[in-house]
Amino acid sequence: MLPLSRLLAIALLVGTALLGIGAAMHPILIGDASAQLRLIAETAYFRPLHLAMLAGSGLLILGIWTRALDRGGSVPVPLFAALGLISLGLCFNAIDIAFMAGAGSHMATTFLAGRTEMSGLFDALHMLGQMTARFGNLLVALGALVLGWVERHDAASPRWLAWLAWVAGASGLIGVVFFAEASLAILTAVALLSGWQVATALRALRAPTVATL
């Protein structure tokens, strides 16, 4: 049976892939609420895409804890804080994904069927979802900065791993502070942390295991 650390590493890789593919295939929602609803309704894979991204978010929240298992002992407070912040941030980010998979898709279908009043409701709720994603990415960015500090002070961790986390954290902070929530820049923290995620998962898969099921 596969050790727990490797199962979590696999979850981390699959989760990163699902979110990455989802971001690449996601239609660009431009124009007013009515135009966005039409695009959503006409995109046949919109709901399945967001369900896959939700699954990816869950796998990421589970998988990043492989970084705690590779220590073979108690988890230091800074590492626990970093992983906890990132996990919580991913949860908030997933709320916006869940909105688009559920209510957003439903309102788009209803709008195309003639319920034009859905545009105003979608516009208001979508802004709430975007603001939630913005806050989630703020937490991920802060967690990434702490994570970079942990990696920098871990003798077994290569220096470049710390820089992957720091770049994600610093760029993520710029995105959530200086860009409007309608901009894709607010998602920078989650997007750039994928570099650290892939590197950490591959290191966990190659390293001697310390935790088993």
| task | Tell me whether Y45 is reachable from L19 by hopping between hydrophobic residues (I, L, V, M, F, W, Y) whose side-chain heavy atoms are closer than 4.5 Å. | result | yes
| Who are the ring pair (Phe, Tyr, Trp, His ring centres under 6.0 Å) partners of H26, not counting sequence neighbours? | F46, H50
Hey, can you pull the donor-acceptor pairs under 3.5 Å for the side chains in residues 80-104, sequence neighbours left out?
unit_1	atom_1	unit_2	atom_2	d
S87	OG	W65	NE1	3.2
S87	OG	L83	O	2.8
N93	OD1	N137	ND2	3.0

| Between M53 and L193, is there a shared hydrophobic cluster once you connect ILVMFWY residues whose side-chain heavy atoms come closer than 4.5 Å? | yes
| query | Hey, quick one: are L147 and L142 part of the same hydrophobic cluster, counting side-chain heavy atoms closer than 4.5 Å, chains of contacts allowed? | reply | no
| query | Which pairs count as side chain to side chain donor-acceptor pair (under 3.5 Å) when at least one residue sits in residues 176-186, sequence neighbours excluded? | reply | R134-E181
| note | Sorted by chain and residue number, the side-chain contact (heavy atoms from CB on, under 4.5 Å) partners of I28 (sequence neighbours excluded) come out as I30, L184
Name each donor-acceptor pair under 3.5 Å that joins a side chain in residues 159-173 to protein atoms two or more places apart or in another chain, with its distance.
unit_1	atom_1	unit_2	atom_2	d
W166	NE1	L145	O	3.3
S171	OG	V167	O	2.9

| Do V176 and F135 come within less than 4.5 Å of each other through their side chains, counting heavy atoms only? | no
| Of all residues at least two apart in sequence or in a different chain, which pass the side-chain contact (heavy atoms from CB on, under 4.5 Å) check with L13? | V198, A201, L202, L205
| query | Which pairs count as side chain to side chain donor-acceptor pair (under 3.5 Å) when at least one residue sits in residues 99-121, sequence neighbours excluded? | reply | R115-E117
| request: For the residue pair L121 and L125, establish whether any side-chain heavy-atom pair is separated by less than 4.5 Å. | output: yes
| remark: Closest heavy-atom pair, Q130 versus I186, reported as atoms and distance to 0.1 Å, is O-CD1, 3.7 Å
| note | Heavy atoms of L49 and G22 approach each other most closely as CD1-CA, 3.5 Å
| Out of T188, I174, L187, which residue meets the side chain to side chain contact (heavy atoms under 4.5 Å, CB included) rule with F179? | I174
| field | Nonpolar side-chain network containing L112, other nodes, edges under 4.5 Å | value | none
| said: Before you tell me yes or no, could you show the steps for L12 and L60 under side chain to side chain contact (heavy atoms under 4.5 Å, CB included), namely the whole-Å CA-CA distance, both residues' side-chain angles and the distance that decides it to 0.1 Å? | reply: CA-CA 5 Å; L12 186 57; L60 283 183; 3.7 Å; yes
| note | So salt bridge (Lys or Arg N to Asp or Glu O under 4.0 Å) across residues 97-110, not counting sequence neighbours, yields none
| request: May I ask whether L29 and M25 are part of the same hydrophobic cluster, defined by side-chain heavy atoms of I, L, V, M, F, W, Y residues being less than 4.5 angstrom apart, directly or through others? | output: no
| So if you build clusters from Ile, Leu, Val, Met, Phe, Trp, Tyr with side-chain heavy-atom gaps below 4.5 Å, do I61 and L79 land together? | yes
| message | Listing request: all salt bridge (Lys or Arg N to Asp or Glu O under 4.0 Å) pairs with a residue in residues 33-57, at least two apart in sequence or in separate chains. | response | none
| query | Do R152 and S157 come within less than 4.5 Å of each other through their side chains, counting heavy atoms only? | reply | no
| request: Calculate, to the nearest 0.5 Å, the distance between atoms CG and CE belonging to L37 and M118 respectively. | output: 9.0 Å
| task | Not counting sequence neighbours, list each pair that qualifies as a salt bridge (Lys or Arg N to Asp or Glu O under 4.0 Å) and has a residue in residues 76-88. | result | none
| note | Residue pairs passing the side chain to side chain donor-acceptor pair (under 3.5 Å) test with at least one member in residues 193-202, sequence neighbours excluded, are T16-Q197, E151-W196, W196-T200
